Amino acid sequence: MTEFTRSRKNLSAMPATPATIKHVEALRTKLREHDYRYYVLAQPAIADEEYDRLMRELTELEVKYPELASTDSPTQRVGGQPTKEFATVSHAVPMLSLSNTYSEEELQDFDRRVRSLLGKEPFRYVCELKFDGAAVSLVYREGVIVRGATRGDGVQGDDITQNLKTIRSIPLRVFGKKKGLTDFEVRGEVYMEREDFRRMNEERELAGEKTFINPRNSAAGTLKLQDSKVVATRPLRFMAYYLRAERFKLQSHFDNLKLLRGLGFPVSTQARLCRSIGEVTAYWKAWEERREELPYDIDGVVVKVDLLRQQERLGSIAKSPRWAIAFKFAARKATTTLKGITLQVGRVGTITPVAELEPVFVGGSTVSRATLHNEDYIRDLDIRTGDTVVVEKGGDVIPKVSAVLAERREAGSKRFVMPKTCPVCSSKIFRPPEEANYYCENSECPAQVKGRIEHFAHRGAMDIEGLGEAIVDQLVGLGLVQNYTDLYKLAGKKKQLLELDRWGEKSVENLLNAIEESKKKPFARVLFAMGIRHVGAGVARLVVSRFTSIDQLMEAPKEELEQVQGIGPRIAESIERFFSESHNRKIVQKLREAKVQLEEKQKKGGNNASLAGKTFVLTGTLAGFSREEARQKIEAMGGKVTSSVSKKTDYVVVGEEAGSKLEKARELGVQTLDEKAFVRLVQ
Ligand code: IVH
């Protein structure tokens, strides 16, 4: 572990005993097994807390005994500094693409070609789903992942090893072992499940970040990020569909899929061996109808000749093999008339223009409304009421207007002009500079009431257990709650709560307790829960590191907010705007009356006091934290931060451009930690 600088004083520290080494290996094996159960099999065997505990124990041991570090340790999924660009790598065997077909006739042509080229030899096809994501290649040496790359142009791709290592279903070290199969390449698709995608977009919307268009784009886009820490927060998954091995004889593609499964890779259970092209067509038809049952998007099926020997005989033309073909599902498009454009208000006030359509049958159902995304989208395509438009059903099933047939436009049509007010509450709507969306800023707008309460109660916010969508619906529907501050008045309405459908003494009590408990949540959580545009959980923590009470924050002009590292003009403006609204100030007042935490208390010890009694000095600039944040982390774990290095200092945390304090630490033989080592210690 090169980043962990040991000082002279610690050279004499005890090396790991054989028992410790064994224990570290056992922890790693356990964690690998739990990762496999959780991420590949989706059958977790232990509680999250237990998993976290094992991970923490391993991290602490690796910090204590740097000589035990290993790149395939389960602690090493996220790491490294953000990069500026990716290195280019060459694929040992080109990553070909598939030729596509949409029709049964073309599929039969393919089958005839295969049969004639193979002569009289019997053969079988493997049918698989065609996952709609991004293709990647993973190279393993001695069972350990050494490189991960994008497809690129098929010959050369980008080295995205760091990013791929964050995907928990990709084994860093292969799990089950097959004798002799240690050096190989796996290819497959990185993708996102629709539900994960939806949730991620919802969170992004809540945090005021740009939302993604569809799961495929966000999977492909995420792989290209230079900061693997960000990649680690995105819900990427992997599905393996190809294996190439050195010094190990492989024979059949279908068997390869089984081998991959045995090595611990996620492999679809939907692959089938087919004896005739008729069976292939039946497979395709079945999935065309059932594709919505899958949690992820597919855009067709892939048909491959099973035996590798026969694949070789068939060879490839240009960029695609002759032994495989993609049999795609028909595009789900139709044309219809746009009757009008209305506005829809989202759960946190985002305004989306919606196309009101002459009903049309597309991809299995009748569509009468479709999204138009935002003002710019309508302007760029010049979509006008009365136009004949193309409606497309994307993988996420939300239909969209994707084009205008301008030649069919009738004379006298008018360009769309964005209305000035919210269609639900009539307050003025607002488009922040450099954003595509308009927002209704009235947090008491009926369209937002439920969404804001759900956000407030969300796990990452006030964490009010039991206050899910259905309950919020009931409470708002009956007028018991009009905004999230009303939750704190429910304690006085116990009688009415007990009269609610399916509510008993116990459930009412649990809910009221959870609401009461939420008053203890720290100020940063409260700030996040308030639902200020662009203030996600991370930003809220940054804000609180500088403004320790709501009063300070409400008075702060945006210039002062921008002084906080990590807060730019967009966030600063949004915060200033939020607190300038009188109804938002009233909300603050009500939270205050409810005795919710509106200032940051100096934490002592906390649950995890593993740094109790330790003294730290911070020097230089850390990439991932402000000084203040680093200090808070240390203090939260019972440690102390002082400003100058002395013999009593336990650790000096060294950032970029550290100066005299680092020298002093070396002089006195005080242990130094670089950022990575520090992160591991406080995580
Ligand atoms: S096999 C020569 N199998 O489709 C073999 N590809 O145009 C090529 N894809 O880039 C890959 N699901 O991203 C294969 N079950 C599957 C697939 C699949 C999706 C994608 C892959 C590739 C593209 C081929």
Side-chain angles (χ1 to χ4, degrees), residues 91-102 106-107 110 113-114 125-138 148-158 160 164 167 169-170 185-193 214-224 236-244 250 252-261 265-274 280 283-284 286-288 291 294-308 310-329 395:
H91 299 296
V93 170
M95 289 180 79
L96 300 176
S97 60
L98 294 165
S99 48
N100 290 331
T101 175
Y102 290 88
E106 275 178 28
L107 183 71
F110 164 78
R113 227 169 19 244
V114 170
Y125 289 117
V126 179
C127 284
E128 288 167 29
L129 304 179
K130 188 168 189 306
F131 313 103
D132 203 7
V136 300
S137 143
L138 309 171
T150 61
R151 175 172 179 272
D153 62 7
V155 178
Q156 292 189 315
D158 287 337
I160 53 163
L164 289 170
I167 301 175
S169 53
I170 294 181
E185 180 191 357
V186 177
R187 292 179 187 171
E189 203 82 350
V190 169
Y191 67 100
M192 260 183 215
E193 290 196 350
N214 59 37
R216 179 171 49 80
N217 278 347
S218 55
T222 300
L223 289 181
K224 294 265 160 85
L236 295 179
R237 292 171 192 256
F238 178 71
M239 194 72 93
Y241 53 62
Y242 169 90
L243 171 66
R244 190 179 62 78
L250 298 171
S252 123
H253 175 65
F254 198 69
D255 290 348
N256 286 356
L257 295 179
K258 287 189 214 153
L259 280 173
L260 282 168
R261 207 171 283 129
F265 290 91
V267 179
S268 166
T269 51
Q270 312 299 351
R272 295 283 176 275
L273 270 173
C274 294
V280 172
Y283 180 90
W284 173 84
W287 281 110
E288 161 98 277
R291 58 198 288 196
L294 295 166
Y296 45 81
D297 288 345
I298 56 172
D299 58 347
V301 305
V302 182
V303 187
K304 303 173 182 173
V305 169
D306 181 43
L307 291 182
L308 306 192
Q310 294 176 332
Q311 289 185 0
E312 267 161 43
R313 265 187 72 187
L314 290 161
S316 38
I317 18 159
K319 285 200 164 137
S320 41
R322 270 192 292 239
W323 47 265
I325 193 164
F327 191 7
K328 306 245 284 197
F329 301 137

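Note that the coordinates shown come from a computational prediction; the quantities given were computed from them, not determined experimentally. Hydrogens, waters and symmetry mates are skipped; everything else that's a heavy atom, side chains included, is used. As the structure lists them, so they are numbered: ligands from 1, and atoms in each ligand from 1.
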**OP:** Note the single closest protein heavy atom to atom 10 (O) of ligand 1, along with its residue, its atom name and the distance in Å.
**Re:** Ala135 CB, 3.6 Å
Subject >> Test ring-ring contact (aromatic ring centres under 6.0 Å, His included) applied to Phe131 - qualifying residues, sequence neighbours left out >> reply: Tyr296
Subject >> Residue that, paired with Asp132, satisfies salt bridge (charged side-chain N to carboxylate O under 4.0 Å, His left out) out of Lys328, Arg291, Arg216 >> reply: Arg216
**OP:** Name the option, out of Met95, Glu128, Lys328, that contains the heavy atom nearest to atom 15 (N) of ligand 1.
**Re:** Glu128
Original post:
Between Leu98 and ligand 1, which part of the residue brings a heavy atom under 4.0 Å of the ligand: side chain, backbone, both or neither?
Top reply: both
Original post:
For ligand 1, is there an atom lying under 4.0 Å from some heavy atom of Phe131?
Top reply: yes
Subject >> Region of Lys304 that comes within reach of ligand 1 [heavy atoms, distance under 4.0 Å] >> reply: side chain
**OP:** Please check if the side chain of Arg322 supplies one atom and the backbone of Leu314 the other of a donor-acceptor pair under 3.5 Å.
**Re:** yes
**OP:** With heavy atoms under 4.0 Å as the rule, classify the contact between Ser97 and ligand 1 as side chain, backbone, both or neither.
**Re:** both
Original post:
Where on Tyr241 is there a heavy atom closer than 4.0 Å to ligand 1, on the side chain, on the backbone, on both, or on neither?
Top reply: side chain
Subject >> Heavy-atom donor-acceptor pair, His91 side chain to Arg151 backbone, under 3.5 Å >> reply: yes
Original post:
Would you say Arg237's side chain and Glu189's backbone share a donor-acceptor pair under 3.5 angstrom?
Top reply: no
Original post:
Which residues pass the side chain to side chain donor-acceptor pair (under 3.5 Å) test with Asp158, sequence neighbours left out?
Top reply: none
Original post:
For ligand 1, which atoms, with element, lie under 4.0 Å from some heavy atom of Pro321?
Top reply: 2 (C)
Original post:
Can you tell me how far CG of Leu129 sits from OG1 of Thr269, rounded to the nearest 0.5 angstrom?
Top reply: 8.5 Å
**OP:** Pick, from Lys319, Gln270, Glu189, the option with the minimum heavy-atom distance to atom 13 (O) of ligand 1.
**Re:** Glu189
Original post:
Are any of the N/O atoms in Leu96 less than 3.5 Å from those in ligand 1?
Top reply: no
Original post:
Under a 4.0 Å heavy-atom limit, does Leu129 contact ligand 1 with its side chain, its backbone, both, or neither?
Top reply: backbone
**OP:** For the pair Asp306 (side chain) and Phe254 (backbone), establish whether a donor and an acceptor sit closer than 3.5 Å, ignoring hydrogens and angles.
**Re:** yes
**OP:** Between Lys130 and ligand 1, find which residue part has any heavy-atom pair under 4.0 Å and reply side chain, backbone, both or neither.
**Re:** both
